[in-house]
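One structure is given here, and the rest of the page talks about it.
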Amino acid sequence: EYKRCVLHYVGVVLRTDVNVYAVIGRRVRRYNVKQLILFLDNVEQLSELGYDTMAMHPYPASGWNRENVYEWFGFENTYFKSYFDKHPKKYGKIRGYYSDDATYRLIRETFRGKSDDSPLFIFDVTMQNHGGYTYKDSFKHTLPIDEIYASGLARTGVTNTYLALIKKSDEALEKLVTFFEEETDDPTIILMFGDHQPADWVVEPIYTMNGQTDSDQWSESLERYTVP
């Protein structure tokens with residue numbers, strides 16, 4: 001059975017960003033000219049079809065040169081950490097990163113503020129679940145979060161922290177989906193994908209619990225590279 005696989009499963013978010021839009025299967029460490037052109041075509045085509053285009057990433061705009069790259073892509077509006085920093089009470093943080101729900105809130109606000117006849121395309125790269133997942137002080141002075149304790153794992157382990165963050169992401173996504181189900185009859189696509197999986201040291205405790213290692217079974221290891 002044929003399965004589409006990514007070139008990596010940990011790190012280098014740009015490889016996923018570019019491959020999603022350009023559908024090219026080569027290694028990348030930064031946006032290069034060929035990939036930019038392929039990405040650019042997608043955004044420009046949507047603009048020509050009448051879409052308002054918007055990109056957001058609640059982290060410094062200089063990261064991966066996004067402040068310039070997104071402009072070159074043709075996004076009409078861009079929002080980075082500096083924007084969210086202007087509204088700290090409205091957009092909350094988890095572990096020092098703006099939450100998934102903070103960016104989804106901006107999506108909801110943008111949708112409500114758009115003209116009725118304008119379709120909208122938003123590219124949102126979130127930061128909430130970025131590694132690492134050291135437990136100490138992770139959730140202090142941030143939005144409330146329900147901690148998860150997997151049976152058999154240390155309560156202060158990084159795996160539990162990661163699972164708690166994923167649960168928070170699930171809740172935020174459910175809220176976003178419900179919003180569009182209730183607010184509009186317009187055909188709407190919400191495409192959610194992860195840039196990569198957590199590092200091996202987050203996954204290894206689960207293998208250890210089951211008397212395995214990451215390399216024990218190739219078929220299981222391969223699943224970490226497989227696109228659902």
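All of these numbers come straight from a predicted model, not from anything done at the bench. Below, each value reflects all heavy atoms present in this structure, side chains not excepted, and no hydrogens, waters or symmetry copies.
- In this structure, R105 does not pair ionically with D100, as no charged nitrogen and carboxylate oxygen lie closer than 4.0 Å.
- No side-chain heavy atom of R95 sits under 4.5 Å from any side-chain heavy atom of M127.
- Test I107, L106, L176 against D124 for side chain to side chain contact (heavy atoms under 4.5 Å, CB included) and you get one pass: I107.
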CA sep, side-chain torsions, deciding dist, call: W64, V69, side chain to side chain contact (heavy atoms under 4.5 Å, CB included): CA-CA 8 Å; W64 296 114; V69 170; over 6 Å; no
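- Taken to the nearest 0.5 Å, the CD1 atom of I122 stands 9.5 Å off from the CG atom of N77.
- Under a 4.0 Å N-O distance rule, the pair R112/E183 qualifies as a salt bridge.
- Aromatic pair F111/F180: ring centres closer than 6.0 Å.
- We find the CD-CG distance between E44 and L49 to be 12.0 Å, quoted to the nearest 0.5 Å.
- Note: the hydrophobic cluster containing M54 also contains M192 (ILVMFWY, side chain heavy atoms under 4.5 Å, direct or indirect links).
- Residues Y162 and I166 have side chains in contact (heavy-atom distance under 4.5 Å, counting atoms from C-beta outward).
- Between atom CG of residue D101 and atom OG of residue S169 there is a gap of 10.0 Å, rounded to the nearest 0.5 Å.
- G74 and S47 get closest at one heavy-atom pair: O-OG, 4.4 Å.
- Not a single donor-acceptor pair under 3.5 Å links the side chain of T53 to the backbone N or O of V43.
- A cation-pi contact, defined as under 6.0 Å to the ring centre and within 45° of the axis, is absent between K81 and Y59.
- Using a 4.0 Å cut-off between charged side-chain N and carboxylate O, E171 and K167 make a salt bridge.
- The two atoms that bring P119 and G50 nearest to each other are CD-O, 3.5 Å, heavy atoms only.
- In the model, D186 has no side-chain atom that pairs as donor or acceptor with a side-chain atom of T188 under 3.5 Å.
- Under the 3.5 Å distance criterion, with hydrogens and angles disregarded, a donor-acceptor pair is assigned to the side chains of D85 and Y98.
- Relative orientation of the Y70 and F80 rings is parallel, given thresholds of 30° and 60° on the angle between their planes.
- By the 4.5 Å heavy-atom criterion applied to side chains, E67 and S62 are counted as neighbours.
- With rounding to the nearest 0.5 angstrom, the CE atom of M56 is 5.5 Å from the CZ atom of F84.
- The aromatic rings of F75 and F123 lie parallel to each other, with less than 30° between the two planes, well short of the 60° mark.
- Sparse packing is recorded around NZ of K175, with 12 or fewer heavy atoms of other residues, nucleotides or ligands lying under 6.0 Å away.
- Residues Y97 and L165 are members of separate hydrophobic clusters, defined by side-chain heavy-atom contacts under 4.5 angstrom among Ile, Leu, Val, Met, Phe, Trp and Tyr.
- Taking the six-membered ring wherever Trp is involved, the centroid distance between the rings of Y51 and F121 does not fall below 6.0 Å.
- Using bins of under 30°, 30° to 60° and over 60° for the plane-to-plane angle, the ring pair Y79/Y83 lands in the perpendicular bin.
- In this structure, the separation between CD on Q128 and OG1 on T103 is 8.5 Å, given to the nearest 0.5 Å.
- Atom CD1 in I190 sits 6.5 Å away from atom CG in L173 (nearest 0.5 Å).
- Using a 4.0 Å cut-off between a side-chain N of Lys or Arg and a carboxylate O of Asp or Glu, R66 and E71 do not qualify as a salt bridge.
- You'll find the side chain of W72 stays beyond 4.5 Å of the side chain of N68, heavy atoms only.
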